Number of protein chains: 2
Amino acid sequence: MLALIKIFVKLISNRYNIFMNPELLHEYIERISCLLDSEARMVGADLNLQPVQLNALNYINRSNRYSNTPQGVTEYLGLTKGTVSQTLSILESNGLIKKSPDKKDGRVVRLNVTAAGNKLLRKAIPSPSIRNTWEGLNEQDQSALVDGLKQLLLEMQKTNGMQAFGICGTCRFNSKRGEKKFFCELTQENLTLKDTELLCREHQSIEQETTPNVV
Amino acid sequence: MLALIKIFVKLISNRYNIFMNPELLHEYIERISCLLDSEARMVGADLNLQPVQLNALNYINRSNRYSNTPQGVTEYLGLTKGTVSQTLSILESNGLIKKSPDKKDGRVVRLNVTAAGNKLLRKAIPSPSIRNTWEGLNEQDQSALVDGLKQLLLEMQKTNGMQAFGICGTCRFNSKRGEKKFFCELTQENLTLKDTELLCREHQSIEQETTPNVV
DNA sequence: TAATATAGTTTCGATTCGAAACTATTTAAT
DNA sequence: ATTAAATAGTTTCGAATCGAAACTATATTA
């Protein structure tokens, strides 16, 4: 019954355009992507930052201690390491991030957002259009949208054979050890609540099972 | 009661990561955009086409008789007309589109996809990851996702003051005149069912009301 | 008839991007 | 222990995107 009502409401709201297909999904995604790029170019121009640089900066800000490296950025953005290396150099020379050598592995560079970088990020994210959209949606629609996108993201990552970045809350290696205590079965390390909210390169969905990078 | 069950299911499926916010939406959109770019680069490489060129080609294929011009592409992609002009030249020299002068207005160029362009589009769209995602979703989730994205798209277009491209089925200027007959109140022209499925520069949602471009 | 607006092109310089060659460090194999 | 292979990151180069601005041509308005 409820399903019937839903369909009826949909019929009215969309009028006679009731057919949905993957082409439509593609069209929406593609167009949103265009607009997002365009928006990023405008926001970036104000802040003297290119869209891709803003993306990289945001990732570094959101990444956990296993993931805040040039390689992590490379996988996240889906670009080549050479390209990313240049982007990071620019971010560093602008004083938005700081590079430091890893203590254990001499090949690895650690990336951290500076105070200036943080200030800049708070101005740019979330973008006005996304904030507006969010506020215009009721709670059900918010969840439906975010869940749908999450599915799409997972699928895209799977299809393209890419690492599925995510937070501990959805990771099969994570186990709860107390009120605000967590433990990563992969790295065998304790994690704080704050830790578990950051993005991880090693993230694997509960169903998923592949060979991890980290021992 | 049903709402309660829904929330419970969500709680389980997401485990303890139940908080949703615009930052999360931004993060998903941004990442999907990255992956889409990355995917477009791969698909494009196979077809000897840059991502932006594929986008433009797809738009031209999807645009109606009021919208298949360089200006239309410019608005759709959110780029400058100079940039788009170059992209279109490349598409034409590759034999994927054909430019022809408009019969009524000497300034306007009409763009049409050639047979070769069409063949290429059918190979590329919808992209594998989007098709896979689509097939993995049940009907409710499909609608929820598409509806959410539609809302996001509308909001982004509004926020950025951009023309809201869309099909007649959702346009306030469209009226039904028979089983498969339609009429555009803006251009005062009859439209076939096929016509009404194409994207239009002049599209305005039923609530929306601004000054149109066409007389 | 002149001024202005619109559609589109061309040119230029800045930036992004991938490919490939490169250095340095770590891990695996012999 | 020594060598080979793998990994992390940088540098260099050429191709492509992009916006800004100057430009041509046509249409509209004053």
Side-chain angles (χ1 to χ4, degrees), chain A residues 33-34 37-46 48-56 66-75 77-94 97 99-111 163 201 211-215, chain B residues 34 37-46 48-56 60 66-75 77-94 97 99-111 163 201 211-215:
Chain A
S33 182
C34 281
D37 265 19
S38 177
E39 196 171 316
R41 249 173 252 122
M42 289 189 287
V43 173
D46 290 347
N48 252 323
L49 220 62
Q50 300 294 323
V52 71
Q53 293 166 7
L54 189 61
N55 277 351
Y66 313 125
S67 315
N68 61 340
T69 65
Q71 181 61 19
V73 178
T74 300
E75 289 169 12
L77 297 181
L79 303 176
T80 59
K81 56 184 180 175
T83 300
V84 168
S85 182
Q86 298 172 65
T87 300
L88 296 177
S89 295
I90 296 171
L91 284 179
E92 193 190 26
S93 69
N94 288 7
I97 64 170
K99 288 183 182 178
S100 48
D102 186 89
K103 298 209 166 41
K104 289 178 188 163
D105 191 331
R107 296 168 302 181
V108 174
V109 169
R110 292 287 153 194
L111 304 169
Q163 195 59 40
R201 291 177 55 183
T211 33
N213 294 330
V214 163
V215 182
Chain B
C34 281
D37 264 20
S38 175
E39 196 172 317
R41 251 174 250 121
M42 290 190 286
V43 174
D46 289 348
N48 252 323
L49 220 63
Q50 300 295 323
V52 72
Q53 293 167 7
L54 189 62
N55 278 351
I60 295 168
Y66 312 126
S67 315
N68 61 340
T69 65
Q71 181 61 19
V73 178
T74 300
E75 289 169 11
L77 297 182
L79 303 176
T80 60
K81 56 185 180 177
T83 300
V84 169
S85 182
Q86 297 172 66
T87 300
L88 296 177
S89 296
I90 295 172
L91 284 179
E92 193 190 25
S93 69
N94 288 6
I97 64 170
K99 289 182 179 177
S100 48
D102 186 89
K103 298 209 168 40
K104 289 179 189 163
D105 190 331
R107 296 168 302 180
V108 174
V109 169
R110 292 287 155 193
L111 305 170
Q163 194 60 40
R201 292 177 56 185
T211 32
N213 293 329
V214 162
V215 183

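Naming convention: chains lettered A, B, ... in sequence-line order (proteins, then strands); numbering from 1 in each chain. Quantities reported herein were computed from a predicted structural model and do not represent experimental measurements.
Rounded to an integer number of Å, the gap from B:R41 CZ to D:dA15 C1' is 14 Å. Protein atom CD1 of A:I90 is 14 Å distant from nucleotide atom C1' of D:dT11, rounded to whole Å. Spacing between atom NZ of B:K104 and atom P of D:dT28 amounts to 12 Å, rounded to whole angstrom units. Straight-line distance from the CD atom of B:Q53 to the C1' atom of D:dC18: 13 Å, rounded to whole Å. One atom, CG of B:L79, and another, P of D:dA16, lie 18 Å apart when rounded to the nearest Å. Spacing between atom CE of A:M42 and atom P of D:dA20 amounts to 11 Å, rounded to whole angstrom units. B:D37 has its CG atom 8 Å from the P atom of C:dC17, to the nearest Å.
Residues passing the side chain to side chain contact (heavy atoms under 4.5 Å, CB included) test with B:R41, sequence neighbours excluded: A:L79, B:D37, B:S38, B:P51. Partners of B:D102 according to the side chain to side chain contact (heavy atoms under 4.5 Å, CB included) rule, which considers only residues two or more places apart in sequence or in another chain, are B:K104, B:D105, B:V108, B:R110.
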Which atom pairs link the protein and nucleotides 5-9 of chain C when you take only N or O atoms and keep those under 3.5 Å?
| unit_1 | atom_1 | unit_2 | atom_2 | d |
| --- | --- | --- | --- | --- |
| C:dT6 | O2 | B:R107 | NH1 | 3.1 |
| C:dG8 | OP1 | B:V109 | N | 2.9 |
| C:dG8 | OP1 | B:V109 | O | 3.3 |
| C:dG8 | OP2 | B:Q71 | N | 2.8 |
| C:dG8 | N7 | B:K81 | NZ | 3.2 |
| C:dG8 | O6 | B:K81 | NZ | 3.0 |
| C:dT9 | OP1 | B:K99 | NZ | 2.8 |
| C:dT9 | OP2 | B:S85 | OG | 2.8 |
| C:dT9 | O5' | B:S85 | OG | 3.4 |

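The heavy-atom pair separating B:L111 from B:T69 by the smallest distance is CD1-C, 3.5 Å. For B:V84 against B:P70, the heavy-atom pair with the smallest separation is CG1-O, 3.9 Å.
The CD atom of B:E75 sits 8.5 Å away from atom OG of B:S67, with the distance rounded to the nearest 0.5 Å. The distance from atom OG1 of B:T87 to atom CG of B:L54, rounded to the nearest 0.5 Å, is 12.0 Å.
OP1 and OP2 of D:dC18 both lie 4.0 Å or more from every side-chain N or O belonging to B:T83.
Among the atoms of the strands shown, none is found under 4.0 Å from any heavy atom of B:L111.
Both A:G106 and A:Q50 lie close to DNA chain C; mapped to their nearest nucleotides by heavy-atom distance, the more 5′-ward contact belongs to A:Q50.
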